[in-house]
Number of protein chains: 2
Amino acid sequence: MENSFIAKLKGLAPMAPVEIAALESATASAQSFSARHDLIREGDRPGPVFVVLEGWVCRYKVLPNGTRQVLAYLMPGDACDLHVGLLAEMDHSIQTITPAVVATIEREMMDDLMTRHPGIARAMYVAQLIDEGTMRAWITSMGRRASIERVAHLMCELYLRARNIGLASEPQFTLPLSQLMLADSLGMTPVHLNRVLKELRLSGAMKLERGRLLISDPNRLIQIAGFDENYLHRRLRRAG
Amino acid sequence: MENSFIAKLKGLAPMAPVEIAALESATASAQSFSARHDLIREGDRPGPVFVVLEGWVCRYKVLPNGTRQVLAYLMPGDACDLHVGLLAEMDHSIQTITPAVVATIEREMMDDLMTRHPGIARAMYVAQLIDEGTMRAWITSMGRRASIERVAHLMCELYLRARNIGLASEPQFTLPLSQLMLADSLGMTPVHLNRVLKELRLSGAMKLERGRLLISDPNRLIQIAGFDENYLHRRLRRAG
DNA sequence: CGCTCGGTTGACCGATCTCAAACTTAGTGG
DNA sequence: CCACTAAGTTTGAGATCGGTCAACCGAGCG
């Protein structure tokens, strides 16, 4: 059975059987990691490309004052930048959140895959564009949305991404993020995040509990968030 | 005399004479635009790649409530994403800030340049990685830095970028951004930004005046910002 | 069974926003 | 060359959002 990386790429561009086989063999060497394990740290020299096959992973940065900012979440199927190898050092760290299975693809292998297989190249580029769009959405959230809107917006994003890869069972889904981690993503205090979550719960929009999120009133949540699902979807060009 | 785009790419990867010639001809069709002119708007179908040759340009997003968030600044030599063409529509707009000269490179031309010229491909990938690093730094700023730190940090970033392309005359440089625009970049109110600028002026670190920034005490500014210039520099790998 | 980690709550404080007005500069037309 | 205007900047007063500090709670685990 094909892994989540292949499944994702197939959703982003048409993929020939040869290409699928090539991806199979490239990701064959997957490794398991425990939760909270740094795959690579800020300042390290970049190595191979990481591909998350199972579990959740995040990118983050720690500031001199000790605070942390989470920069992105990687879910099964997601990979980190294909060309990192060109940089002298990482400007951020990457860490598992849950126990995770991660494959690594060496730079030469990656180059080879991209040049030899146009479908793979195309899918990887689209994936990268989507990731960039997500970053822009985060900047927008942090800059111009009130805390409750920010929380709601992130939940919408994570829900849609989970659903896209078949990890959501309609009204709810597994969300293995502590409130501390969420606060570090949203640029707020855990205390304040907790109050916002309470407000969202009382408003009947959603309810976060031990590792899963229940979206009781999707429309209300979307409305609070000012969420435009377009930023994750329908962005693929119909015509090539 | 070569243009700012070529100059920038030459700084990011070794460039063969043929490659320079190819870039010359690709950017020959530059066009002039007045200030505040949208090059492309959110929702539009992406077209060619934009390359800024002269002037300042920004990416931005407007929210339903009417507020605006600036997502990035493009200075002479900067280009926007090479593969935008793969998306169905823009998730943000791009607008000139000052009068600007912008070249456009059609997708086929771009593909051709990249596949035929490894030096160009490499330089473009590095440029993209740097842009992504900048976005991550913005997210970090918005999430975890106090307003005065954010302002100082952005000024450091812009100063270094200007200096890199020869647009800074040591203690000062041309900064054609209104306070409103800066506020929209930093996720704050123009009123509050103005107060922060006053604080920075009184502290003797820097002074912003009509279109130029004077950095009176670089060390102090860097210290206030918690600026790590590594995120823009020294990231190129020595070894290929 | 007690410890530890994460979540929850309260009281208080301070940073940032809002609203509103004055002022400054650059550009425009008479 | 001088109103006049529009855009941008500056300042004040008061309100609000989100942060800080501190205590308590509850579940999982050795």
Side-chain angles (χ1 to χ4, degrees), chain A residues 34-36 56 63 65-70 97-99 141-155 175-203 206-214 224, chain B residues 34-36 56 58 63 65-70 95-99 141-155 174-203 206-214 224:
Chain A
S34 59
R36 298 189 179 228
W56 286 51
L63 284 93
N65 64 29
T67 58
R68 179 174 69 156
Q69 177 65 47
V70 171
I97 296 171
T98 63
S141 267
M142 316 233 59
R144 290 296 178 207
R145 274 191 254 263
S147 60
I148 192 171
E149 301 169 340
R150 266 199 323 261
V151 174
H153 199 273
L154 180 61
M155 295 305 129
L175 217 199
L177 306 177
S178 69
Q179 293 188 8
L180 212 177
M181 171 121 340
L182 286 171
D184 282 344
S185 321
L186 294 163
M188 47 202 267
T189 291
V191 174
H192 189 60
L193 173 71
N194 183 276
R195 292 193 233 266
V196 170
L197 288 175
K198 183 178 183 182
E199 201 177 335
L200 284 166
R201 192 184 330 127
L202 295 181
S203 82
M206 52 161 262
K207 194 171 163 187
L208 177 66
E209 47 192 30
R210 315 203 92 303
R212 60 189 206 103
L213 179 71
L214 200 156
I224 293 174
Chain B
S34 59
R36 297 184 183 232
W56 286 50
C58 71
L63 283 92
N65 63 29
T67 59
R68 178 176 69 157
Q69 176 66 47
V70 171
Q95 184 176 81
T96 59
I97 296 171
T98 63
S141 267
M142 315 231 64
R144 291 296 178 204
R145 274 191 254 264
S147 60
I148 191 171
E149 301 168 341
R150 268 203 317 266
V151 175
H153 200 273
L154 180 61
M155 295 305 127
T174 303
L175 216 198
L177 306 177
S178 69
Q179 293 187 9
L180 212 177
M181 170 120 342
L182 286 171
D184 282 345
S185 320
L186 294 163
M188 46 202 269
T189 291
V191 174
H192 189 59
L193 173 71
N194 183 274
R195 292 192 233 266
V196 170
L197 287 175
K198 183 179 184 182
E199 201 178 335
L200 284 166
R201 193 185 329 128
L202 295 181
S203 82
M206 52 160 263
K207 195 172 164 186
L208 178 65
E209 48 193 28
R210 314 207 89 306
R212 61 189 205 105
L213 179 71
L214 199 155
I224 292 174

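Since the structure is predicted, the reported quantities are computational estimates derived from the model, not experimental observations. Naming: A, B, ... by sequence-line order, numbering from 1 per chain.
At least one side-chain heavy atom of B:M155 sits less than 4.5 Å from a side-chain heavy atom of B:L213. Residues B:L182 and B:M188 are not in side-chain contact: their nearest non-hydrogen atoms beyond the backbone lie 4.5 Å or more apart. Taking the side chain as every heavy atom from C-beta outward, A:L186 and A:S147 never approach each other to under 4.5 Å. Within the 4.5 Å cutoff, no side-chain heavy atoms of B:V196 are placed close to those of B:R150. Using a 4.5 Å heavy-atom threshold, the side chains of A:L193 and A:L180 count as separate.
In plain terms, the two heavy atoms of A:M142 and A:G187 that are nearest each other are CE-N, 3.6 Å. Closest of all the heavy-atom pairs between B:I97 and B:P176 is CG2-O, 3.6 Å. Across every non-hydrogen atom of A:M206 and A:L197, the tightest pair is CE-CD2, 3.9 Å. Scanning all heavy atoms of the two residues, the minimum distance from B:S185 to B:Q69 falls at O-NE2, 3.0 Å. The two residues A:R145 and A:E149 have their closest heavy-atom pair at CA-OE1, 3.2 Å.
In this structure, CD of A:E199 is placed 15 Å from P of C:dT8, rounded to the nearest angstrom. Put simply, NZ on B:K198 is 16 Å from P on C:dT16, counting in whole angstrom units. Distance B:M188 CE to C:dA15 P: 13 Å, rounded to the nearest Å. Taking atom CZ on A:R144 and atom C1' on C:dC17, their separation rounds to 11 Å, with Å as the unit. Rounded to whole Å, atom P of C:dC17 lies 14 Å from atom CG of B:N65. Rounding to whole angstrom units, NE2 of residue A:H192 and P of C:dA15 are separated by 17 Å.
With DNA chain D read from its 5' end, the first of the two nearest nucleotides for B:N194 and A:R145 is the one closest to B:N194. Mapping A:R210 and A:L193 onto DNA chain D via the closest heavy atom, the residue that lands nearer the 5' end is A:L193.
Residue A:R36 is in sugar-phosphate contact alone, with no base atom involved, counting any heavy-atom pair closer than 4.0 Å across all strands shown. Using a 4.0 Å heavy-atom criterion, one finds that B:T189 contacts the bases of the nucleic acid, with or without backbone contacts as well. Residue A:V196 is out of contact with every strand shown, counting any heavy-atom pair closer than 4.0 Å.
Protein chain B contacts DNA chain D from D:dG8 to D:dA13, reading 5' to 3' and using non-hydrogen atoms of the protein with a distance under 4.0 Å.
For C:dT18, its base sits under 3.5 Å from the side chain of B:R195 at one donor and acceptor pair at least.
Distance alone, capped at 3.5 Å, is enough to place a donor-acceptor pair between the B:S178 side chain and the B:M181 backbone. Under the 3.5 Å distance criterion, the side-chain polar atoms of B:T96 are matched with a main-chain donor or acceptor of B:R36.
For the helix from C:dC1-D:dG30 to C:dG30-D:dC1, the end axes, each set by the C1' atoms of five terminal pairs, are bent relative to each other by 40° (nearest 10°).
Side-chain proximity of A:V191 to the nucleotides C:dG7, C:dG10, C:dT18 is greatest for C:dG10.
Looking at residues 174-187 of chain B, you'll see B:S178, B:Q179, B:L180 sit with a heavy atom under 4.0 Å from some atom of DNA chain D.
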